[in-house]
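Each remark here refers to the structure printed beneath this line.
Residue numbers count from 1 along this sequence.
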Amino acid sequence: MHARAVAASTTALLGTAALLLPLSPARAADSGARPVVVAHRGASAYAPENTLAAVDEAAALGVDWVENDVQRTKDGELVVLHDDSLQRTTDVEEVFPDRAPWKVKDFTAAEIARLDAGSWFAPAYAGARVPTLQQFVHRVERHGQKLLLEIKNPQLYPGIERQTLKVLSNEGWLDRPHVRHRLIVQSFSADSVRTVHDLKPAVKTGFLGTPPVADLPSYAAFTDQINPSYGSLSSGYVTAVQALRGPHGKPLEVFTWTVNDADAARRVAGFGVDGIITNTPDLVRDAVGG
C-alpha cells in the first residue's frame, strides 16, 4: 500500500445507505480488546516483502494475519508483488536489461519466475522468487494463517477481481471456514471492492483510504472495512466508521497501515482500531499487549 490520498470513483459510491448506529466511544479501546496485528507483505522488516520467506517469518513470529498484493502477468498469471514494476525488488534490470520500465504486465510468468526477488533485501535471501498467488496461498495455508489480500492496480488488469476469486476458490479459500474467519479482500479502488462484493457477497472486503465521513454510508453498502493510513486517523473518525453496519450486518471495522513503531501502535490502538498492518508485527504486538 502507498501512503497517498485515494479518491473513490463516483460509480463506486452508488448504493443503499447502511444502518447508522448511535455514536459511542471507539469500541476496541472502550472494551479493552486488542487490535489484530497483520504482517504487511509478510514480516517485511525481516524478510523480502511478498515472498514465501516473509510468510514463513511471520509464522515464526506467531503472527496469524498476513497481507499481500496481487498483480497479473502478460500471459495472465496472478503473482504477488507490490509495485507495478519489477525493478525495485528483483534483478530484472540485469536479467532483462533492454525491457525498461520492467512492468509486471509486460513479462510472462515464466520470465518473472527467473528473477531473484531476495538479494536486494539481504544476501541470505538470494534466489527467493516472486510467488504466484497460488504458491502464496499454499504457504499461508500450510501455516494455518489468515490472508488480507490486496488487489493492486485493478485498472491495469481488467477482470482481475473475478480471476482472483477463481484462484482462491480453486485453492479452497472460498469455503465457509475461510470466508468467515480467514480471508479479507481489499483495494484502493472502490469499484474493485464493489466488484468483489457483487461477485462473491460472502467474502469480507476492505476499502483502502479515508473517505469523508458523509460518504461512509455509501461505502458501507459494499465493504466491511475502511482501512486508512495511520497518519490520517483520529479517534473521531474511527468512531464514525464503527458506527455503521456493513453489508454483512456487522459494524464496520478499521484496519490501519503501515504502523512500524511502538508509539504509533499504542496511539492508534487508543483510537480503537480493529487491526494494525505493520512491517514489524512482533514490535506492534508487544506494544499493544497482544
Side-chain angles (χ1 to χ4, degrees), residues 1 38-44 46-61 63-92 95-96 102-122 124-154 156-157 159-175 177-179 182-187 196 203 279 281:
M1 291 166 292
V38 182
H40 183 229
R41 310 178 199 169
S44 55
Y46 311 118
E49 63 183 60
N50 276 323
T51 62
L52 301 183
V55 179
D56 294 343
E57 184 62 30
L61 294 171
V63 178
D64 288 337
W65 279 93
V66 175
E67 188 263 359
N68 74 328
D69 305 284
V70 174
Q71 306 205 52
R72 189 164 66 205
T73 67
K74 182 178 181 179
D75 55 342
E77 184 78 59
L78 295 183
V79 293
V80 176
L81 196 82
H82 177 272
D83 300 0
D84 65 358
S85 171
L86 295 152
Q87 185 177 13
R88 180 175 63 87
T89 58
T90 77
D91 61 348
V92 68
V95 179
F96 299 104
W102 301 288
K103 299 293 187 180
V104 175
K105 65 182 179 64
D106 295 332
F107 287 78
T108 67
E111 289 171 334
I112 291 175
R114 292 172 53 189
L115 303 177
D116 181 338
S119 291
W120 70 273
F121 185 86
Y125 293 102
R129 302 302 174 192
V130 174
T132 65
L133 178 58
Q134 180 185 48
Q135 290 167 338
F136 196 93
V137 297
H138 280 179
R139 189 60 60 93
V140 174
E141 184 67 44
R142 179 189 299 178
H143 293 305
Q145 293 165 300
K146 305 172 185 182
L147 182 62
L148 175 58
L149 185 156
E150 181 182 346
I151 296 177
K152 205 76 187 173
N153 301 313
L156 299 178
Y157 314 113
I160 191 173
E161 297 87 2
R162 186 181 296 276
Q163 185 180 2
T164 298
L165 291 171
K166 185 176 187 300
V167 172
L168 291 171
S169 179
N170 290 346
E171 301 308 316
W173 273 77
L174 294 187
D175 64 10
H178 285 83
V179 166
R182 295 180 60 191
L183 177 67
I184 304 168
V185 179
Q186 64 177 359
S187 180
V196 171
V203 171
N279 300 338

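- Counting only heavy atoms from C-beta outward, the side chains of V130 and T89 never approach each other to under 4.5 Å.
- Taking the side chain as every heavy atom from C-beta outward, D69 and R41 approach each other to under 4.5 Å.
- When the options V80, L168, V55, T132 are evaluated for a side-chain contact (heavy atoms from CB on, under 4.5 Å) with V137, the one that passes is L168.
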For this session: Give the C-alpha distance, both sets of side-chain angles, the deciding distance and a yes or no for side-chain contact (heavy atoms from CB on, under 4.5 Å) between T73 and I112.
Result: CA-CA 8 Å; T73 67; I112 291 175; 3.7 Å; yes
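- The two residues R72 and G159 come nearest to each other via the heavy atoms NH1-C, 3.9 Å.
- With 3.5 Å as the limit, one finds no donor-acceptor pair spanning the side chains of D83 and S85.
- In terms of heavy-atom proximity, N68 sits nearest to L149 at OD1-CA, 3.2 Å.
- We find the CG-OH distance between L78 and Y157 to be 10.0 Å, quoted to the nearest 0.5 Å.
- No side-chain donor-acceptor contact under 3.5 Å links H82 to the backbone of N50.
- For R162, the CZ atom counts as loosely surrounded, since its 6.0 Å shell holds 12 or fewer non-hydrogen atoms of other residues, nucleotides or ligands.
- Contact check for E171 versus Q134: side-chain heavy atoms found under the 4.5 Å cut-off.
- Residue L86 comes nearest to T90 through the heavy atom pair O-OG1, 2.8 Å, listed as atom of the first residue, atom of the second, then distance.
- Between W173 and L147, some side-chain heavy-atom pair lies under the 4.5 Å cut-off.
- Considering only heavy atoms from C-beta on, E57 comes within 4.5 Å of L61 through its side chain.
- D91 contributes atom CG, which lies 5.0 Å from atom CG of D116 (distance to the nearest 0.5 angstrom).
- Rounded to the nearest 0.5 Å, atoms CZ (R182) and CG (L148) are 14.0 Å apart.
- Remark: the backbone N or O of G76 is paired with a side-chain donor or acceptor of Q163 at under 3.5 angstrom.
- A salt bridge does not link D106 to K74: none of the charged side-chain nitrogens sits closer than 4.0 Å to a carboxylate oxygen.
- Although no hydrogens or angles enter the test, the distance criterion places no donor-acceptor pair under 3.5 Å between the side chain of T108 and the main chain of D75.
- In terms of heavy atoms, Q145 sits closest to A59 at NE2-N, 3.4 Å.
- Looking at heavy atoms from C-beta onward, F107 lies out of side-chain contact with E77 at the 4.5 angstrom threshold.
- The nearest pair of heavy atoms linking P281 to A39 is CG-CB, 4.1 Å.
- With rounding to the nearest 0.5 Å, the separation of CG in L133 from CG in N170 is 10.5 Å.
- Note that CZ of R88 is 15.0 Å distant from CH2 of W102, once rounded to the nearest 0.5 Å.
- A donor-acceptor pair shorter than 3.5 Å can be found between the side chains of Q71 and N153.
- Summarising the geometry, atom CD belonging to E67 is positioned 4.5 Å from atom NE2 belonging to H40; distances are rounded to the nearest 0.5 Å.
- W65 is listed as a side-chain neighbour of I184, based on a closest heavy-atom distance under 4.5 Å.
- The closest side-chain heavy-atom distance from F136 to V66 is below 4.5 Å.
- For the pair D56 and R139, the salt-bridge criterion is met [side-chain N within less than 4.0 Å of a carboxylate O].
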